[in-house]
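What follows is a single structure, written as structure tokens, with notes after it.
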Amino acid sequence: MIKLFICSTPYHVLLSHLTVEFLSQDEKIHNTTLILILTESAISNVVNLIIDQSIWHKILILPYHKTLNLYKTKRFIDNWINDKGLNKLSEKKEIFINDDKRWRNQLLITGIKPDGISLIEDGIGAYIRSFYHLRERIYRGLILKSIFRSRLINIGTISSLHADRFFAFRNTAYSWFGPHRKLHLLEYKNSGYIEKISQKSFIKNQKEKIDSTNLLILTSPLVEENFLSIKDECNAWKKLGLYLPYSETVVIKPHPRENEFLFKQRLNVIAEVFKKSRIVKVDSMLPAEILLCNDDIQAEIFSPNSTTLANLKSIRPDLKIYHGYDLFFSNKITKNSMKKAAI
């Protein structure tokens, strides 16, 4: 049996390792070939740090092929599959995918022709089903589907691909597939993989920054994803100091998808709000879950909108966590409602 894990972000790489760790409880995995395929933004220095090289038989890199010509992209992916011999594997193949909405990933899946497909959660998209705007639905349902036909296996949103089994952190994942979905629950606690990679000097250095603070802020790409205007978002950040405690050091962790210019604007506002504090930034690409498993960390945590907050409920239920939805998306924010938002 061959199991291929397709990862497009560092978070995918983290969850793929936890899935392998879950599967390793079954002795049959010892007779399994494990292949890790890195695509797009998963190709980064941070990803190299969080990969446990010892568990993978092969690590393959599929570069992001930037072209407006859709046919050239398809040809590029098919040539890559042929070059790596993935279309000639004689054993049964199972593909594990986090982000099933990316059409390039779908071309990769259908080009390999697996015998089974499993979905691993990609954050909040596995718990809250959303829908594309009309323009995107037309593009995916008409243009992409007419070009790629059967090679495109999901024209809906993320986590909509029918799979043989599912992997996530909570029972509420993929609820639209019904109660009979074959759902397996992952966990961070007592993970040998996380314990092992946490010993790397870069990750230890990032953890030490959080150890020194009472307040960690996870910023979000709200403007980038058209949830708010930059003016409205900055106005919300300005109110933050009224509701969060003073900390001598405030640690900021950017979201991987944040635009650098917009993040600087957020950082400037936060620095003004906490002008008596020292502002420290941690790496944006390193999944926050790796940094926050440590029981020694006691910081209060705030974010306008982050999957990490939900994950922390199972990792560190003792932490005080604030979800800033009301602060950023409602004009009726009060100190009491902010307290209620504490998870």
Side-chain angles (χ1 to χ4, degrees), residues 2-23 34-44 46-48 50-52 55-56 59-62 64 77 86 93-112 114 116-130 132 152-170 172-177 181-188 191 193-194 197 221 225 255-257 284-290 306-308 310-311 314:
I2 299 172
K3 298 187 186 298
L4 303 101
F5 291 75
I6 300 173
C7 299
S8 300
T9 72
Y11 186 68
H12 297 171
V13 174
L14 165 62
L15 267 65
S16 291
H17 280 85
L18 294 178
T19 300
V20 170
E21 201 167 53
F22 175 91
L23 294 172
L34 298 174
I35 299 176
L36 178 65
I37 300 175
L38 302 176
T39 75
E40 301 177 34
S41 58
I43 305 168
S44 70
V46 166
V47 163
N48 290 331
I50 66 174
I51 291 176
D52 182 356
I55 72 169
W56 303 101
I59 299 175
L60 304 176
I61 295 176
L62 172 61
Y64 182 45
I77 291 173
L86 298 179
K93 305 177 289 291
E94 180 180 12
I95 280 181
F96 294 77
I97 183 78
N98 298 74
D99 190 340
D100 60 315
K101 75 174 181 181
R102 302 186 193 210
W103 58 269
R104 293 176 183 84
N105 282 353
Q106 293 182 48
L107 293 180
L108 184 56
I109 292 172
T110 51
I112 294 173
I117 298 176
S118 290
L119 269 180
I120 306 174
E121 73 149 271
D122 182 61
I124 208 71
Y127 302 96
I128 302 174
R129 197 176 192 185
S130 58
Y132 291 121
L152 208 65
I153 50 181
N154 172 24
I155 59 171
T157 53
I158 195 167
S159 298
S160 295
L161 179 65
H162 285 276
D164 300 292
R165 51 183 175 167
F166 304 85
F167 296 84
F169 290 111
R170 295 179 296 284
T172 52
Y174 316 105
S175 58
W176 45 90
F177 285 104
R181 64 196 181 285
K182 196 172 182 181
L183 178 63
H184 302 286
L185 297 182
L186 304 172
E187 65 172 81
Y188 298 96
S191 166
Y193 156 72
I194 289 182
I197 64 163
E225 296 181 350
H255 191 281
R257 289 198 305 274
S284 64
M285 298 300 288
L286 191 62
E289 288 79 3
I290 292 176
S306 174
T307 301
T308 299
N311 289 341
S314 59

> What do the steps show when you test H12 against I120 for side chain to side chain contact (heavy atoms under 4.5 Å, CB included), and what is the final call?
Replying inline: CA-CA 8 Å; H12 297 171; I120 306 174; over 6 Å; no
Drop me the distance from [X]'s [atom1] to [Y]'s [atom2], to the nearest 0.5 angstrom.
{"X": "S16", "Y": "F167", "atom1": "OG", "atom2": "CZ", "result": "10.5 Å"}
{"X": "I95", "Y": "L119", "atom1": "CD1", "atom2": "CG", "result": "11.5 Å"}
{"X": "S118", "Y": "N98", "atom1": "OG", "atom2": "CG", "result": "11.0 Å"}
{"X": "H162", "Y": "D100", "atom1": "NE2", "atom2": "CG", "result": "10.5 Å"}
{"X": "L62", "Y": "L86", "atom1": "CG", "atom2": "CG", "result": "10.0 Å"}
{"X": "I6", "Y": "R102", "atom1": "CD1", "atom2": "CZ", "result": "11.5 Å"}

With a 4.5 Å heavy-atom cut-off, do [X] and [Y] have their side chains touching?
{"X": "C7", "Y": "I37", "answer": "no"}
{"X": "V20", "Y": "W56", "answer": "yes"}
{"X": "E94", "Y": "I117", "answer": "no"}
{"X": "N105", "Y": "S8", "answer": "yes"}
{"X": "I194", "Y": "H17", "answer": "no"}
{"X": "F5", "Y": "I35", "answer": "no"}
{"X": "L4", "Y": "K93", "answer": "yes"}
{"X": "K182", "Y": "D164", "answer": "no"}

> Does the side chain to side chain donor-acceptor pair (under 3.5 Å) test come out yes or no for N311 and Y11, once each step is laid out?
Replying inline: CA-CA 12 Å; N311 289 341; Y11 186 68; 3.0 Å; yes
> Ion pair present between E187 and R170, side-chain N to carboxylate O less than 4.0 angstrom?
Replying inline: no
If you compare all heavy atoms of [X] against all heavy atoms of [Y], which two are closest, and at what distance to 0.1 Å?
{"X": "F96", "Y": "L23", "answer": "CZ-CD1, 3.8 Å"}
{"X": "L161", "Y": "F177", "answer": "O-CZ, 3.4 Å"}
{"X": "R104", "Y": "I77", "answer": "O-CD1, 3.7 Å"}
{"X": "A168", "Y": "A173", "answer": "CB-CB, 3.4 Å"}

Is the backbone N or O of [Y] less than 3.5 Å from a side-chain atom of [X], with the two atoms forming a donor-acceptor pair by type?
{"X": "Y193", "Y": "L14", "result": "no"}
{"X": "R165", "Y": "R181", "result": "no"}
{"X": "T19", "Y": "L15", "result": "yes"}
{"X": "T172", "Y": "Y127", "result": "no"}

>> Is it the case that the ring center of Y188 lies less than 6.0 angstrom away from the ring center of F169?
In response: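 Between Y188 and F169, which both carry aromatic rings, the centre distance is below 6.0 Å.
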> Looking at the rings of H184 and F22, which for Trp means the six-membered one, are their centres under 6.0 Å apart?
Replying inline: yes
> Could you walk me through whether S159 and E121 pass the side chain to side chain donor-acceptor pair (under 3.5 Å) check?
Replying inline: CA-CA 7 Å; S159 298; E121 73 149 271; over 6 Å; no
